[in-house]
Amino acid sequence: MCEDDHGHDDAQDHGHDRSGIGRRAVFVTGAAAALTLGSVSFASAAPRERRTGTVRGTLPPGSPDFVYVPVEVPRGVREIHVAYTYDRPTVPAGTQGNALDIGLFDERGTELGGQGFRGWSGGARTEFFVRADDATPGYVPGPVRSGTWHIALGPYTVAPQGLSYELTITLTHGEQDETPRPVYPPERARGRGRAWYRGDCHLHSEYSDGRYTLAEIAGLARAAGLDFINSSEHNTHSAHAHWAEHAGDDLLILLGEEVTTRNGHVVALGTDPGTFVDWRYRARDNRFGRFARQIRRAGGLVVPAHPHATCIGCNWKFGFGEADAVEVWNGAYTPDDEVALADWDGMLVASVRDGRRDWIPAMGSSDSHRSPDVIGRPQTVVLADDLTREAIQEGIRAGRSYVAESSKVSLSFTASGGRGEHAGIGERLRVDRDTPVTVRLEVTGAPRCTVRFVTDQGVLFTGDPLPVSGTGAVEWRTTASYAAYVRAEVRHEAAAGPLPGALAAFTNPVFLGS
């Protein structure tokens, strides 16, 4: 980062009283709108000299989602450094206080989905820098060209008293170093051919609002028995170029992003290296489809995350028409996950009721940020042809997967007919409506847990608790006329876990019928 001595104060000082920042924001209607303020200009300087300017303002309640502060960057600048503070007044119980996110766009502009994005740290940092050869985690190194840059402010929540902020912008002049050529992790690891592979596809590091380093995540993933992970920082792809040294024959590292909008979060799973997906829209803007298609064009999967989470802006409002899978279990099992599981099951019921063959598979991820968050709790276990990006994605997209709380839990779930017909998780057993079907679940690593089979008609079978060894097998007989699909749940005893009957594992369904 820059040194503490920022040199001369030669930029314009845009105070609240002189610029009318707060008053202008009052007249902006529509929460998803954006506001651009008056620009900040800097005088030219000699090499290695620094110019510092301060911007002050107040945002009222009801401010737009994004407020842009233009910064006129002259020629000869090698580094941009921004620090910011904002007030946190006391508010009544049940009232939201102030929270202000921040990011940066370069001279290419702030157009939605454009090329100008240079980084986002949300509310995780109080300062950042960008230069050609390096940048603060969350930000993208690259040339500092002359032109109008924009500091992006995101008033996540605003107290009734308003949100007063102060930006300190420092430009350091001098010759720029060379931008390093990015190196990305390989798209293949040493697999076991067609096999079950374990992964955690929703993780955060110091490149967004996490505290784990990339090395710590890789080490904890290996310790958790994972075969693959997916990089999913909030609203930035800046970590992509730093993962290569942590991959290996034993760990496939996919690249993606958690696209964190104000109307829900979506994991872009396994996109092409360097893919940035914009997040600056709400459901009513009808723009999500455009960026879901971008994710798929970049070779990724669209996975709505924690759709029933209660944090501000987390509840999913875009619908599931663009989803390739849905994250039903997020971190330690909570009532939010129970609601998400029931909602997903309702989507399965609707698909078979309407006679559709398309359905949305479920998955689970840890959403780990820092200790004591447990990487790999839960994990998605995928039947894939090999340990490659493409094969893992295909297994997830096809629903050939189950979710387990740890690598200790393993499942085998099949349905078979009287003539040797056989189908596994995510597949269809093609039998006549009245043909007897045997559903079998084999479990290891789930002591005293209870198995139950869930169908489009509800829970139709509940077994006795498994032995203390955690190993057992359960069978149930049914027909396609009685159950259009069957999926398995393995639940803890009522007294165990964060809520009664918390999941230890669950499967995607096996469908029955021609």
Side-chain angles (χ1 to χ4, degrees), residues 30-34 64-66 101 103 111-114 117 120 122 152 154-157 201-202 204 208-209 230 232-237 256-271 275-331 336-351 354 356 358-365 367 380 393 396-397 399 508:
D65 286 346
F66 302 101
D101 294 344
E111 179 185 0
L112 189 67
F117 176 78
W120 184 255
Y156 190 60
T157 56
C201 294
H202 187 170
H204 296 282
S208 58
D209 64 340
N230 179 64
S232 57
E233 308 295 355
H234 292 285
N235 298 340
T236 180
H237 60 295
E257 177 185 332
E258 184 176 7
V259 185
T260 307
T261 81
R262 298 297 182 89
N263 283 164
H265 304 181
V266 61
V267 172
L269 197 168
T271 53
T275 298
F276 165 66
V277 184
D278 214 321
W279 75 98
R280 294 170 295 159
Y281 43 85
R282 290 185 180 239
R284 67 186 180 193
D285 299 325
N286 294 319
R287 289 170 173 165
F288 174 67
R290 166 186 170 186
F291 292 99
R293 290 188 292 274
Q294 180 200 352
I295 292 170
R296 279 192 281 272
R297 284 197 305 272
L301 302 182
V302 177
V303 184
H306 46 67
H308 291 279
T310 56
C311 47
I312 295 172
C314 293
N315 192 263
W316 185 251
K317 298 185 182 298
F318 294 96
F320 295 93
E322 297 284 355
D324 294 305
V326 58
E327 185 187 79
V328 167
W329 184 353
N330 176 277
D336 297 347
D337 302 303
E338 190 73 23
V339 174
L341 182 68
D343 189 46
W344 170 67
D345 190 71
M347 290 191 283
L348 293 178
V349 172
S351 68
D354 298 339
R356 303 197 313 267
D358 60 314
W359 59 285
I360 302 174
M363 55 188 302
S365 297
D367 199 1
T380 300
Q393 288 175 318
I396 292 172
R397 186 186 294 109
N508 275 300

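Here the structure is a predicted model, which is why all the values come from computation and not from measurement.
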In terms of side-chain heavy atoms, does N230 have a donor or acceptor partner in H202 at a distance below 3.5 Å?
no
Donor-acceptor pair, distance only, cut-off 3.5 Å: does the side chain of Q294 make one with the backbone of F276?
yes
Can you tell me how far SG of C311 sits from NE2 of H265, rounded to the nearest 0.5 angstrom?
5.5 Å
Do the non-hydrogen side-chain atoms of L341 and W329 ever get within less than 4.5 Å of each other?
no
Relative to the ring of F117, is the ring of H237 parallel (under 30°), tilted (30 to 60°) or perpendicular (over 60°)?
tilted
With side chains defined as the heavy atoms from C-beta onward, is the minimum distance between R284 and K317 less than 4.5 Å?
no
Does R287 come within less than 4.0 Å of D278, counting only side-chain N to carboxylate O?
no
Sequence neighbours excluded, the answer for side chain to side chain contact (heavy atoms under 4.5 Å, CB included) partners of V339 is H308
Side-chain donor/acceptor of N330 to backbone N/O of H306, under 3.5 Å
no
Between Y281 and V259, which heavy-atom pair has the shortest distance, and what is it?
OH-CG1, 3.6 Å
Excluding sequence neighbours, so at least two apart, what forms side chain to side chain contact (heavy atoms under 4.5 Å, CB included) with A342?
none
Minimum heavy-atom separation for W344 and A362, please, with both atom names.
CE2-CB, 3.5 Å
Which heavy-atom pair separates C201 from S232 by the least distance, and what is that distance?
O-OG, 3.9 Å
Report the C-alpha distance between I295 and V277 in whole Å, list the side-chain angles of each, state the deciding distance to 0.1 Å, and finish with yes or no for side-chain contact (heavy atoms from CB on, under 4.5 Å).
CA-CA 7 Å; I295 292 170; V277 184; 3.9 Å; yes
Given the side-chain rings of W316 and F288, with only the six-membered ring counted for Trp, is the space between their centroids under 6.0 Å?
yes
Reported OG1-to-CH2 distance for the pair T260 and W279, which is rounded to 0.5 angstrom
9.0 Å
